[in-house]
Amino acid sequence: MKDINIEEKEREFQAKIDADIKIEPNDWMPAEYRKTLIRQISQHAHSEVVGMLPEGNWITRAPNLRRKAVLLAKVQDEAGHGLYLYSAAETLGSDREASIDDMHAGIAKYSSIFNYPTLSWADMGMIGWLVDGAAISNQVPLCRCSYGPYARAMVRVCKEESFHQRQGYEIATTLANGTPEQKAMAQESFNRWWWPALMMFGPTDAASKHSALSMKWKIKRVSNDELRQQFVNVTVPQAELIGLTIPDPDLNWNEEKQGYDFGTINWEEFNQVVQGNGPCNKERLDARRQAKENGMWVREAALAHAEKRKAKMAS
Ligand code: BYC
């Protein structure tokens with residue numbers, strides 16, 4: 001039987017959520033609310049950090065200095081997003097190193113999209129346009145998330161993601177308006193990224209196991225399927241504008257719902273990727289583990305310095 005005191009606290013907690021009052025780190029919160037947030041925020045942080053790898057692959061091969069400088073800045077922004085998010089998870093009592101180790105061990109998830117390879121320069125356009133575009137659709141509602149530190153981190157992240165989306169669309173536009181070879185490169189890349197971008201929003205509402213509670217607690221404000229639909233509605237005209245074809249024979253404007261109907265997502269592929277069997281899962285985790293190992297001496301030196309300073313201040 002539940003403690004009366006806890007029931008009262010839960011009622012007060014839900015009343016705050018219903019009144020759109022932000023929950024702050026020292027406020028009382030149900031254990032499950034804390035757990036859900038730590039899960040989502042740390043997965044989000046891991047996605048930002050693993051997400052640096054596919055684009056990092058092209059920094060040395062950018063076609064000119066301007067493109068290289070922009071791509072470098074974008075990848076650095078993603079590292080910054082990871083840091084805000086790890087800090088937000090720490091306000092809930094999450095141990096950053098333990099959570100990173102869970103990701104390296106394949107226990108903690110990160111976004112499915114980063115398990116696909118970047119095979120051509122056009123992929124830099126598609127990641128910015130489609131992947132950051134999908135991320136914005138998902139993250140703008142998170143700026144109104146009930147947990148204060150997560151909501152506030154999202155405001156800055158969304159501003160930077162908007163710039164990323166525009167730089168990606170600009171690359172796609174330049175290629176689509178270029179030589180026939182460049183246009184073909186853009187279309188080939190678009191064909192590879194379209195469906196995985198739709199998968200980023202997660203399982204259908206019917207299959208999403210966390211949505212009901214997350215919506216009740218206003219961690220999520222808009223459902224997976226609604227966000228996916230919004231993304232399709234916004235992106236199809238952008239593709240048409242630059243002359244790219246959506247790789248979906250079932251795509252049709254539906255006058256009644258004022259949105260596009262689209263084909264069925266390959267959920268078997270999504271499940272395989274999430275379970276660790278995507279094209280690049282192993283490569284991504286190996287790269288992150290290697291980075292941790294290679295950076296160990298820096299951490300050890302910094303910690304030794306901190307310890308020395310502490311001892312000096314104490315004496
Ligand atoms: N990939 O009940 P559901 C970026 C998991 S990075 C992998 O609907 P929830 C960028 C889900 O975790 C931006 N796993 O869950 C960076 C759950 O598994 P667990 C990344 C997925 O949490 C660099 C299970 O499936 N954005 O922009 O209510 C360069 C059931 O799902 C995925 C975020 O992280 C997936 N796609 O909703 C460029 C946004 N989808 O935990 C760009 C924050 C679902 O039970 N996260 N799963 O083992 C969210 O908004 C939500 O967590 C989700 C899923 C909508 C993703």
Side-chain angles (χ1 to χ4, degrees), residues 35-58 71 73-82 84-85 88-89 99 102-103 106-116 118 123-143 145 147 150-151 153-154 157-158 160-165 167-168 193 195-217 219-228 231 265 267 269-278 281 284:
K35 192 171 150 209
T36 291
L37 274 169
I38 291 179
R39 178 189 62 79
Q40 177 167 326
I41 299 172
S42 55
Q43 281 177 7
H44 194 161
H46 301 328
S47 304
E48 300 284 356
V49 172
V50 176
M52 294 161 72
L53 296 169
E55 287 171 294
N57 183 34
W58 279 86
L71 184 61
K74 179 193 188 294
V75 172
Q76 284 176 338
D77 285 350
E78 308 301 355
H81 299 173
Y84 313 149
L85 287 160
S99 111
D102 280 351
M103 191 250 294
I107 302 166
K109 294 193 168 84
Y110 58 89
S111 182
S112 50
I113 193 75
F114 302 117
N115 293 306
Y116 291 86
T118 41
D123 291 359
M124 299 305 98
M126 299 306 150
I127 291 184
W129 172 28
L130 304 176
V131 175
D132 286 85
I136 295 169
S137 309
N138 165 276
Q139 287 168 187
V140 165
L142 289 175
C143 297
C145 161
Y147 187 57
Y150 192 26
M154 279 302 107
V157 169
C158 283
E160 292 177 350
E161 301 291 30
S162 299
F163 155 72
H164 298 165
Q165 192 271 351
Q167 70 86 33
W193 289 96
W195 290 103
L198 297 192
M199 293 174 196
M200 276 179 78
F201 295 93
T204 61
D205 292 353
S208 164
K209 57 182 171 172
H210 299 295
S211 278
L213 257 185
S214 289
M215 298 283 275
K216 178 179 165 211
W217 284 331
I219 293 172
K220 277 169 119 166
R221 293 281 192 153
V222 188
S223 80
N224 298 2
D225 282 334
E226 279 175 87
L227 288 172
R228 191 168 10 247
F231 173 76
I265 289 171
W267 292 114
E269 176 181 324
F270 173 77
N271 291 332
Q272 284 299 326
V273 173
V274 171
Q275 282 161 27
N277 305 318
N281 295 61
R284 300 291 182 239

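Counting starts at 1 for both ligands and their atoms, following the listed order. FYI, side chains are in, hydrogens and waters are out, and symmetry mates aren't considered; it's all heavy atoms of this structure.
Side-chain atoms of N224 come within 3.5 Å of backbone N or O of F201 as a donor-acceptor pair.
Here the straight-line distance linking atom OG of S208 with atom CE of M215 works out to 9.0 Å at 0.5 Å rounding.
No side-chain N or O of H210 forms a donor-acceptor pair with one of Q40 less than 3.5 Å apart. When only modelled atom types and interatomic distance are considered, N277 and Q272 share a side-chain donor-acceptor pair under 3.5 Å.
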N/O pairs closer than 3.5 Å, ligand 1 and protein:
from	atom 1	to	atom 2	distance (Å)
ligand 1	1 (N)	S112	N	2.8
ligand 1	1 (N)	S112	OG	3.4
ligand 1	2 (O)	S208	OG	3.0
ligand 1	2 (O)	K209	N	3.0
ligand 1	2 (O)	H210	N	2.9
ligand 1	8 (O)	S208	OG	2.8
ligand 1	8 (O)	N224	ND2	2.9
ligand 1	12 (O)	Q43	OE1	2.8
ligand 1	12 (O)	Q43	NE2	3.3
ligand 1	18 (O)	K109	NZ	3.2
ligand 1	22 (O)	R39	NH1	3.1
ligand 1	22 (O)	R39	NH2	3.1
ligand 1	27 (O)	E161	OE2	3.3
ligand 1	28 (O)	K220	NZ	2.6
ligand 1	36 (N)	S112	OG	3.1
ligand 1	36 (N)	M200	O	3.2
ligand 1	37 (O)	K220	NZ	2.9
ligand 1	41 (O)	R39	NH1	2.9
ligand 1	41 (O)	Q43	NE2	2.8
ligand 1	45 (O)	K209	NZ	3.0
ligand 1	45 (O)	H210	NE2	2.6
ligand 1	48 (O)	K109	NZ	2.4
ligand 1	50 (O)	N138	ND2	3.0

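Using cut-offs of 30° and 60° on the angle between ring planes, the pair Y84 and H81 is tilted.
Taking the salt bridge (Lys or Arg N to Asp or Glu O under 4.0 Å) definition, one finds that D225 meets it with R228, sequence neighbours left out.
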